[in-house]
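What follows is one structure encoded as structure tokens, with my remarks underneath.
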Number of protein chains: 2
Amino acid sequence: MDKHISELIGHSRLRDRIVTAETAASWIKNGMTLGLSGFTRAGDAKAVPFALIEKAKQQHLKVNVYTGASLGSDVDKMMAEAGIVNKRLPFQADSFMRKKINEGEILFIDQHLSHTAELVRSDVLNPIDFAIVEAVSITEDGMIIPSTSVGNSSIFAKKARHIIVELNTAQPKELKGLHDIYEVGKQGEREPIPLTKVDDRIGTIGIPVDEDKIIGIVLTNQFDSPSTIVPPDAETSAIANHLIHFLRKEVAAGRLSEHLAPLQAGIGSVANAVLYGLLNSEFSNLEVYSEVLQDAVFDLIDAGKVRFASGCSITLSQNKMKEVYSNLDAYRDKLILRPQEISNHPEIVRRLGLISINTALEADIYGNINSTHVRGTNMMNGIGGSGDFARNARLTIFVTKSVAKNGAISSIVPFVSHVDHTEHDVDVIITEYGYADLRGLAPIERAPLIIENCAHPDYRPQLREYFKEALKRGGQTPHVLEKAFSWHVNYEKYGTMMEPKYQLQTQE
Amino acid sequence: MDKHISELIGHSRLRDRIVTAETAASWIKNGMTLGLSGFTRAGDAKAVPFALIEKAKQQHLKVNVYTGASLGSDVDKMMAEAGIVNKRLPFQADSFMRKKINEGEILFIDQHLSHTAELVRSDVLNPIDFAIVEAVSITEDGMIIPSTSVGNSSIFAKKARHIIVELNTAQPKELKGLHDIYEVGKQGEREPIPLTKVDDRIGTIGIPVDEDKIIGIVLTNQFDSPSTIVPPDAETSAIANHLIHFLRKEVAAGRLSEHLAPLQAGIGSVANAVLYGLLNSEFSNLEVYSEVLQDAVFDLIDAGKVRFASGCSITLSQNKMKEVYSNLDAYRDKLILRPQEISNHPEIVRRLGLISINTALEADIYGNINSTHVRGTNMMNGIGGSGDFARNARLTIFVTKSVAKNGAISSIVPFVSHVDHTEHDVDVIITEYGYADLRGLAPIERAPLIIENCAHPDYRPQLREYFKEALKRGGQTPHVLEKAFSWHVNYEKYGTMMEPKYQLQTQE
Ligand SMILES: CC(C)(COP(=O)(O)OP(=O)(O)OC[C@H]1O[C@@H](n2cnc3c(N)ncnc32)[C@H](O)[C@@H]1OP(=O)(O)O)[C@@H](O)C(=O)NCCC(=O)NCCS
Ligand SMILES: CC(C)(COP(=O)(O)OP(=O)(O)OC[C@H]1O[C@@H](n2cnc3c(N)ncnc32)[C@H](O)[C@@H]1OP(=O)(O)O)[C@@H](O)C(=O)NCCC(=O)NCCS
């Protein structure tokens, strides 16, 4: 065996277990349930899923696929194309898989990212036959050192009947030491999670496993797929500015210090752009306690703005990936990667008092948020960790552009067509037009704020009209139920949410 | 001073601060914010609010009223009638105040019951001018011993500028020793909450306060208003039976022991009836970790079924109150009363792995729950603690009768008219017809289960028709948006949710 490889497998007995991806795939039978590593395109199992897809060309094969979050390397796409996925959870973000989900061909369970581990631990979900986990090495005492994400890998490895390790030599082996694996234990028997600061180390540097369960090690050499983040534009920069303005007012009011509070920022272009806004702000010595760490977090570290970042995965653009991975030692004392159960744990989110910034598809005039369903029916990606954070953060902020599809869709609507975050959980809504600080306000106080500060000016008259009509009917949360979804219905019918009379006004 | 009274005020300096309710009320000015003790009709401040209502007959007076939860003794009703409430939070349950809220005359903020303390602690809400707290005594070192509820009293007392104590000699002074007051501290600076078992004592027996802040002590002698719980009927007994059947299956599957897991049961008749169902079950040595402890909990203790109950308040019927309060010593080692922030804390709910049972107004075919808004607009009571528990429990169960208003309303609808608990948070729905176990199911798998197992048979055909039409449009969560609220609109227009063609069938 290559000396290089045998160094990566510290445990000598395990060195005999190297197999091809095809052999590993041959163990996987129709109807089984797989737990794959991978979180927001980082650290996903790559070789075995592809071998499985090949195998499915010869024989009927459907499996349940559990992951950390979305997979990169086109794994979700290819699995969906091959038709091998029966049930998929808890999150995905591939456009082809999305299509299959919305066609009802893949059963998708949209889950809070901190919940999956509990359900696996307590045997509520189908038992996992194989955990397939990407690693950069295996220690002498048999611990699996994950690569660029932790996701649900530790609970999958613990509960699965068998484990297949994908030892990926393209991932920097210097990642070893950055992970902090902590197992909470069974409900009712567990201790408090002993984490009180973002940089606390509470676990082990790898995933401790029963070595007999590792039945195969597959060697791979493939980078993660780079992120596809779109750079900030005029609107997302405006959103960032409003956020900073808001935070400044919180500091002035004595509710935050200039170091703010540990930041969580969601996936996607908007959230990334918003973090970039902090680069040129006066806030310093910031901390990040988040899920995925995107480019902006590393730029903030480089600029000396962020002193420490705790996450669950690292998902970078091509260039940033090169930069960071060729120089990992510079980040060693500034980074920790944790299981998603810990990065998103309500206990920690509430204890630390995070500032949580996530992106909405749409918000309604009372502050309910839709993060997942286009027109109430079609799944976009999933709720991800947004609910874990939104419910428990010190400050729960949702950002969105005021319109989508060139203005044909207003992101502020009378009634969101799907509720992921209820009015009880939403503190601040920000669009490129401004922010609405909803804290301490009753619904009828919130609506005018959201309409006047956040909605696109072209949609404000139509929103005002709805609210006015609703107010006549009264109630804590006034609605004209027969018109509540008319905006979505109009878009479907006429290609725009704007009613004809307002279209005329807008054109004038 | 009466020797009896001076014994209750252990701290000698404080004995001089006894004032009449009128004097205390005279300190309260227009525009102020009050933090009142009181949780589900238990332990509410009684005298000063009434004096305030009297005072308001002479002069214009509007105040913001924060409480633990709903008040008894008609305090909410009378305050609403007197028109003295500007803003009210986080929960109420009086029908007259409800009317005023829905008429827009009282601004009501519906809040997760565990959240209010955080918002008060971090100065997000209006600062509290007066905390008015019912007590059974004050210790030598100046600790306030609350009466039958803790609610938000400890954080109110901590943050208020001034404290008025209502020393209620009608409440059993033997309550002393049953409370466990714990202050979590500021977010970002706090330690884990050191509670790992329902009977752990982690704090003090009273509310430690700066004695200088106690500017008045008002003597009162008035019982809590008894609860108005309706005894179990055929439907709620059937719901209880389905619950037990479900729990039995969980035990058989090895996911629960015969001691189950600590139980939380919500307010209202349905939840109370469901707990009664456990009386004749085989489950033993049960634990309760809940908010309000109603009659059923004490009957379960008496029957030797419940070994320990932790709550935030005790709300009993007239007879049960006499029984329990004349014999408190028998319950001393079986009871703890905690601040609502602790009884409902996500950290604890998740750590202990509660079984959470709350009542829904309506559920939809995908598992979303409306707990608060009648036809999406009119506030019933509020979300209360249901969200604190539902999001974090081991098992989240919602119960409801399948129909309301003699069948004119189906409690299972295509789309709930307000979302308090999202599909991500709901494990099991139970009606008198059966239960739907939604765990691990995609939305299109859930709908048939909910329709066939939970909906009233008379409404099933109409629900099936909706689902069938929705399925044709596809999507993760298929809907016919233009008809989603048609059931509610029909009820408003025609007095029934049932469409004419199905009315005929039902009559046949
Ligand atoms: C909501 C979410 C999809 C936004 O993603 P984003 O990349 O920041 O936002 P964009 O503005 O680029 O919008 C993405 C797409 O949604 C569309 N869109 C936005 N608002 C819409 C609306 N109200 N109705 C319909 N489509 C909408 C956009 O047009 C765009 O479509 P395209 O891909 O065809 O161009 C994404 O943040 C998400 O999946 N969030 C849920 C999970 C989450 O919050 N996780 C956070 C913890 S990690
Ligand atoms: C939902 C809730 C109102 C149910 O209360 P309950 O007393 O158990 O239930 P009932 O079946 O008696 O219904 C109460 C009323 O709502 C009405 N109702 C029930 N379902 C309805 C529906 N779908 N649409 C309209 N009205 C409905 C009933 O007809 C009844 O009306 P009435 O008072 O005019 O007779 C109550 O549990 C609640 O406020 N829950 C939210 C707070 C919470 O869950 N706290 C738990 C933690 S403590």
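First the proteins, then the strands, lettered A, B, ... as listed; each starts at 1.
The distance from atom CH2 of Trp487(B) to atom CG of Leu481(A), rounded to the nearest 0.5 Å, is 15.0 Å. Annotation: the span from Ile365(B) atom CD1 to Phe415(B) atom CZ amounts to 10.0 Å, rounded to 0.5 Å. Between atom CD1 of residue Ile348(A) and atom CZ of residue Phe389(A) there is a gap of 11.0 Å, rounded to the nearest 0.5 Å. Note that CD of Glu482(A) and CD of Glu492(B) are 7.5 Å apart. Values are rounded to the nearest 0.5 Å. In this structure, Leu449(B) CG and Asp437(B) CG are separated by 8.0 Å, a value rounded to the nearest 0.5 Å.
Ranked by heavy-atom pairs under 4.5 Å with chain B, the list Arg255(A), Arg350(A), His112(A) is led by Arg350(A). By number of non-hydrogen pairs under 4.5 angstrom with chain B, the leading residue of His488(A), Arg88(A), His115(A) is His115(A). Per-residue heavy-atom pair counts under 4.5 Å with chain A were compared for Val349(B), Val416(B), Asn126(B), Asp420(B), and the maximum is reached by Asp420(B). Ranked by non-hydrogen atom pairs under 4.5 Å with chain A, the options Arg439(B), Glu445(B), Glu191(B), Arg98(B) are led by Glu445(B). Heavy-atom pairs under 4.5 Å with chain A peak, among Glu118(B), Glu189(B), Gln111(B), Lys99(B), at Glu118(B). The candidate with the highest count of non-hydrogen atom pairs below 4.5 Å against chain B, out of Ala470(A), Gly475(A), Pro346(A), Pro194(A), is Gly475(A). Per-residue heavy-atom pair counts under 4.5 Å with chain B were compared for Glu103(A), Lys197(A), His373(A), and the maximum is reached by His373(A). Between chain B and the residues His345(A), Lys186(A), Arg351(A), Arg190(A), the largest count of heavy-atom pairs under 4.5 Å involves Arg351(A). For the set His479(B), Met379(B), Arg394(B), the count of heavy-atom pairs under 4.5 angstrom toward chain A peaks at Arg394(B). Heavy-atom pairs under 4.5 Å with chain A peak, among Gly104(B), Gly353(B), Pro192(B), Ala442(B), at Pro192(B).
In this structure, chain A has a heavy atom under 4.5 Å from the side chain of Leu125(B), while its backbone stays farther away. His424(B) touches chain A through backbone and side chain together, each having a heavy atom under 4.5 Å away. Residue Ile193(B) touches chain A through its backbone alone, counting heavy-atom pairs closer than 4.5 Å. At a 4.5 Å heavy-atom cutoff, Tyr366(B) makes no contact with chain A through either its backbone or its side chain. Looking at Lys483(B), there are no atoms closer than 4.5 Å to chain A (heavy atoms on both sides), in backbone or side chain. Contact annotation for Lys87(B): only side-chain heavy atoms (C-beta onward) come within less than 4.5 Å of a heavy atom of chain A. Interface residue Ser114(B): backbone and side-chain heavy atoms are both found under 4.5 Å from chain A. Heavy-atom distances place the side chain of Ile444(A), and not its backbone, under 4.5 Å from chain B. In this structure, no portion of Glu287(B) lies under 4.5 Å from any heavy atom of chain A. Both the backbone and the side chain of Val419(A) have a heavy atom closer than 4.5 Å to some heavy atom of chain B. Residue Glu250(B): no heavy atom, backbone or side chain, is found under 4.5 Å from chain A. Neither the backbone nor the side chain of Ala261(B) comes within contact range of chain A; no heavy atom of the residue lies under 4.5 Å from a heavy atom of that chain.
Of the residues listed (Leu89(B), Val124(B), Ile109(B)), the one engaging Leu119(B) in a side chain to side chain contact (heavy atoms under 4.5 Å, CB included) is Val124(B), and it is the only one.
By the 4.0 Å N-to-carboxylate-O rule, Arg391(A) lies close enough to Asp425(A) to be salt-bridged with it.
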Audit row: Val184(A), Ile342(A), side chain to side chain contact (heavy atoms under 4.5 Å, CB included) steps and yes/no: CA-CA 9 Å; Val184(A) 294; Ile342(A) 304 297; 3.8 Å; yes
Audit row: Glu183(A), Lys159(A), salt bridge (Lys or Arg N to Asp or Glu O under 4.0 Å) steps and yes/no: CA-CA 12 Å; Glu183(A) 164 58 24; Lys159(A) 294 290 293 187; over 6 Å; no
Pair Glu423(B)-His418(A), side chain to side chain contact (heavy atoms under 4.5 Å, CB included): steps then yes or no: CA-CA 10 Å; Glu423(B) 41 143 354; His418(A) 187 90; 3.1 Å; yes
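Inter-residue side-chain proximity for His421(B) and Ile383(B) is flagged as met; some heavy-atom pair is nearer than 4.5 Å.
Between the Glu362(B) side chain and the Val413(B) main chain, no donor and acceptor come within less than 3.5 Å of each other. A distance-only check finds a donor-acceptor pair linking the side chain of Gln476(A) to the backbone of Phe108(B) [under 3.5 Å].
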